[in-house]
K.L.:
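To start, I am sharing the structure in question, which I have written as structure tokens.
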2 protein chains.
Amino acid sequence: MKKSITLKDIAQHFKVSVSTVSKALKDSHDISVEMKKKIDDYAKAHNYRPNPYAVNLRKKENKTIGVIIPNILNYFFAQVFSGIEKVANEKGYNLISCISNESLAKERNTIEILEKGLVSGLLISLAEGTEKSNDHEHLISFAENGIPIVMFDRVTDDIECDKVIVDDYLGAYNAVEYLVKSGCKNIAVISPLDNLNIGKQRLKGYTEALKAHNLEVNPNLIVKIFDLELFTAEIRALLTRNKVDAILGLEEFSAINAMNIAVSLGHKIPDDISIIGFTNGQLPKHVSPKVTSISQHGKYIGELATKKLIERIEGKEDDKPEYVTHKLKTSLILRESTRSIPE
Amino acid sequence: MKKSITLKDIAQHFKVSVSTVSKALKDSHDISVEMKKKIDDYAKAHNYRPNPYAVNLRKKENKTIGVIIPNILNYFFAQVFSGIEKVANEKGYNLISCISNESLAKERNTIEILEKGLVSGLLISLAEGTEKSNDHEHLISFAENGIPIVMFDRVTDDIECDKVIVDDYLGAYNAVEYLVKSGCKNIAVISPLDNLNIGKQRLKGYTEALKAHNLEVNPNLIVKIFDLELFTAEIRALLTRNKVDAILGLEEFSAINAMNIAVSLGHKIPDDISIIGFTNGQLPKHVSPKVTSISQHGKYIGELATKKLIERIEGKEDDKPEYVTHKLKTSLILRESTRSIPE
DNA sequence: ATGAAAGCGCTAACAT
DNA sequence: ATGTTAGCGCTTTCAT
């Protein structure tokens with residue numbers, strides 16, 4: 001066990017006091033230039049680094065950020081995470097990261113651990129379980145510690161903090177509008193996300209866009225999926241019992257799975273049915289036909305949220321007391337599963 | 001700022017000493033039952049938790065594990081990470097996680113930070129930059145601290161530690177053998193991974209399997225990709241200049257991209273050309289035809305590596321000095337891009 | 001220009 | 001059964 005070098009070791013080596021070394025390493029004006037140089041060189045040569053635990057114990061500040069993500073296998077969150085990591089790294093922060101696995105209990109447990117001064121700030125996107133139960137006590141309690149929080153994507157009004165969210169409403173609205181303009185009249189929507197606020201927002205964007213274009217909102221074309229086992233059956237039913245000329249998938253796999261079912265039923269894409277999905281991964285580019293998608297810019301969300309959090313951590317106490325919610329626009333990426341808009 | 005409660009606060013409240021409280025909370029036999037009960041209840045009521053920094057400063061031990069992953073957008077590593085997180089969480093460990101982004105410099109930097117006692121153990125898969133440069137000084141230095149390391153997937157012999165790897169050789173070997181048995185004779189291989197040992201192992205599995213079945217190893221059918229920009233051009237050249245009846249893709253997207261190019265060239269899958277890929281994500285299931293793949297069980301790798309690491313962390317000093325390398329079998333998951341083996 | 005001392009919160013050996 | 005003390009490594013105020 002290579003014991004790592006401390007201030008004391010350096011002090012003894014030069015037969016000076018610990019405080020001299022401490023100040024020298026901080027380039028204090030108290031210390032003579034020669035002394036500083038000697039100490040600095042020695043410290044570098046021996047690869048001195050302050051013990052982070054001692055520093056924290058003294059100063060009550062640390063360079064770590066807690067991250068709670070619902071599910072890292074979801075490409076969107078992986079993108080967000082890579083954005084978080086990038087900015088945190090640039091600013092010299094470490095990440096303590098946890099996956100809530102969509103569970104309220106795990107999210108709560110993690111927060112209780114982090115609460116005890118382990119982190120200087122928290123980045124969180126709510127677990128599905130949390131959104132369903134609408135229980136935010138653990139977050140409120142965490143916030144009372146005065147540790148800054150930034151919520152992203154899946155947020156709640158119950159917590160006052162900075163937020164970075166996606167304009168899901170507009171994303172869906174624009175997608176539907178595009179479908180209408182390209183000639184679709186019977187647009188179905190598939191939502192496996194009805195437990196989530198973002199799911200509700202997207203659905204609202206869908207209905208509002210239809211109304212804005214004087215199209216009837218047909219409840220038979222709104223398929224809410226609560227059990228993925230039934231996905232295929234429900235979509236087959238949708239497509240056989242109704243006239244459908246477009247499908248909007250609100251979640252990562254909905255659009256692509258629905259497209260595959262439609263194809264197996266003999267429909268031509270996009271001639272018979274257009275397809276658009278909220279999807280971020282590699283999938284839409286690699287399937288055939290390539291799927292038009294609504295991209296959420298996950299990496300940028302992560303970057304922005306982290307930047308805002310670090311500003312709060314490092315900012316003056318009462319710098320800007322008012323919290324801001326950044327609502328980011330999605331992009332509609334046109335590919336082969338939709339028709340073009342006639343001139 | 002809600003100031004969190006300390007032993008001292010509790011001690012003052014009951015007008016006893018700090019050590020009494022400390023012992024009481026540890027259920028020491030020194031302390032009377034009534035006292036313990038009082039203190040315990042009070043601590044619970046006030047949600048007391050020991051300050052992790054103070055504990056670490058005293059005891060030189062902490063419940064956190066460092067994780068260094070080359071790229072979280074790679075589904076395989078996301079799977080590994082979710083396995084790591086699961087086990088760590090079960091055992092009460094936190095994760096400090098970093099993405100090396102395939103860069104040696106970033107990997108080195110991260111390790112230097114973690115080295116200073118921030119973590120009790122390290123899980124790492126080498127960055128591509130590290131494998132290419134073959135520079136492992138930073139790891140050797142880290143290991144000298146006596147902090148246990150477990151390497152997974154991308155490992156090196158230069159470091160003596162427990163390792164969890166995939167039998168990439170056998171994975172490729174079995175895949176080629178399957179192709180041969182299903183009637184393929186001109187099997188091409190695509191490797192964008194020639195900088196990585198795992199890439200070399202897979203390639204070796206390919207050549208050895210051919211030899212074992214008395215098939216010539218044709219260098220024209222071995223395509224090493226060093227610049228992804230050229231992927232399409234190289235594969236088109238491969239398919240137009242040579243007779244090819246099967247393709248083995250050594251990396252996540254190689255097989256699927258090659259398949260799409262083959263289809264665009266008019267080849268039928270799997271009748272003209274069979275396709276197999278080393279790929280873990282959702283892709284092979286969702287494209288058409290569905291792609292036969294070699295699965296690496298990422299989540300299990302993460303779980304096993306973490307389990308082994310925690311055993312080292314918690315084990316007696318000289319418990320078992322000999323390190324073990326766990327080599328895990330891959331699975332060949334047959335889908336629609338390969339033909340069946342005749343009876 | 002340098003040093004002594006106190007203290008962050010906790011543990012553990014050693015009194016009482 | 002309870003308390004005293006020293007100390008982990010560092011910062012910082014107040015001497016000198």
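These values consider heavy atoms only, across backbone and side chains, with no hydrogens, waters or symmetry-generated copies. In what follows, chains carry the letters A, B, and so on, assigned in the order in which the sequence lines appear, proteins first and then strands, with residues in each chain numbered from 1. Remember, it's a predicted structure, so these values are computed and weren't measured experimentally.
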K.L.:
How long is the line joining CD1 of A/Ile39 and P of C/dA1, in whole Å?
P.N.:
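Roughly 14 Å, once rounded to whole Å.
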K.L.:
A/Asn145 side chain to A/Phe142 main-chain N or O, any donor-acceptor pair under 3.5 Å?
P.N.:
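Yes; at least one donor-acceptor contact below 3.5 Å.
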K.L.:
Between residues 48-55 of chain B and DNA chain C, which residues have a heavy-atom gap below 4.0 Å?
P.N.:
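Those residues whose heavy atoms fall under 4.0 Å from DNA chain C, taken from residues 48-55 of chain B in numerical order, are B/Tyr48, B/Pro50, B/Asn51, B/Ala54, B/Val55.
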K.L.:
Which of the following nucleotides, C/dG3, D/dA1, C/dT2, is nearest to the side chain of A/Val16?
P.N.:
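Minimum distance to the A/Val16 side chain belongs to C/dG3.
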K.L.:
CE of A/Met35 versus P of C/dG3: gap in Å, rounded?
P.N.:
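It is 8 Å, rounded to the nearest whole Å.
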K.L.:
Below 3.5 Å is the cut-off: list the nitrogen or oxygen pairs between protein and nucleotides 4-7 of chain C, distance only.
P.N.:
unit_1	atom_1	unit_2	atom_2	d
C/dA4	N7	A/Ser19	OG	3.4
C/dA4	N6	A/Ser19	OG	3.1
C/dG7	N2	A/Arg58	NE	3.3
C/dG7	N2	A/Arg58	NH1	2.7

K.L.:
For residues 21-44 of chain B, which residue pairs pass the ring pair (Phe, Tyr, Trp, His ring centres under 6.0 Å) check, not counting sequence neighbours?
P.N.:
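Sorted pair list: B/His13-B/Tyr42, B/Phe14-B/Tyr42, B/Tyr42-B/His46.
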K.L.:
Do A/His138 and A/Glu107 have side-chain atoms, one donor and one acceptor, less than 3.5 Å apart?
P.N.:
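A donor-acceptor contact under 3.5 Å links the two side chains.
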K.L.:
Is there a donor-acceptor contact under 3.5 Å linking the side chains of A/Tyr48 and A/Asp9?
P.N.:
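No, A/Asp9 and A/Tyr48 have no side-chain donor paired with an acceptor closer than 3.5 Å.
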K.L.:
Hey, could you give me the OG/CD distance between B/Ser120 and B/Glu314, rounded to the nearest 0.5 Å?
P.N.:
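One gets 9.0 Å once the value is rounded to the nearest 0.5 Å.
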K.L.:
The side chain of A/Thr6 lies closest to which of these nucleotides: D/dG9, C/dC10, C/dG9?
P.N.:
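Of all the options, the side chain of A/Thr6 is nearest to D/dG9.
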K.L.:
Which heavy atom in A/Ile198 sits nearest to a heavy atom in A/Asp153, and how many Å separate them?
P.N.:
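Looks like CG2-O, 3.6 Å.
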K.L.:
Find which nucleotide of DNA chain D each of B/Thr20 and B/Leu57 is nearest to by heavy atoms, and output the residue with the more 5' nucleotide.
P.N.:
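The residue mapped nearer the 5' terminus is B/Thr20.
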K.L.:
For the pair B/Lys308 and B/Glu311, find out whether any cationic side-chain nitrogen is under 4.0 Å from an anionic carboxylate oxygen.
P.N.:
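Counted as a salt bridge, because a side-chain N and a carboxylate O are separated by less than 4.0 Å.
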K.L.:
If only side-chain N and O atoms count, and only distance matters, is there a donor-acceptor pair under 3.5 Å linking B/Ser19 with B/Ser22?
P.N.:
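No, B/Ser19 and B/Ser22 have no side-chain donor paired with an acceptor closer than 3.5 Å.
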K.L.:
Rounded to whole angstroms, how far apart are CD1 on A/Ile31 and C1' on D/dT12?
P.N.:
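Rounding to the nearest Å, CD1 of A/Ile31 and C1' of D/dT12 are 13 Å apart.
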K.L.:
Nearest whole Å is fine: how far is D/dT12 P from A/Asn56 CG?
P.N.:
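To the nearest whole Å, that distance equals 13 Å.
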K.L.:
What is the distance from NZ of A/Lys15 to C1' of C/dG3, rounded to the nearest Å?
P.N.:
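In whole Å, C/dG3 C1' and A/Lys15 NZ are 16 Å from each other.
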K.L.:
Just how far, in rounded Å, is C1' of D/dA1 from NZ of B/Lys26?
P.N.:
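Rounding to the nearest Å, NZ of B/Lys26 and C1' of D/dA1 are 18 Å apart.
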K.L.:
Given atom CG of B/Leu7 and atom P of C/dG9, what is their separation to the nearest angstrom?
P.N.:
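Those two atoms, CG and P, are 10 Å apart.
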K.L.:
Specify the separation, in whole Å, of atom NZ of A/Lys59 and atom C1' of D/dG9.
P.N.:
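Spelled out: NZ on A/Lys59 to C1' on D/dG9 is 13 Å.
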K.L.:
Between B/Glu115 and A/Arg49, is the salt bridge (charged side-chain N to carboxylate O under 4.0 Å, His left out) condition met? List the steps.
P.N.:
CA-CA 9 Å; B/Glu115 200 163 348; A/Arg49 290 193 184 238; over 6 Å; no
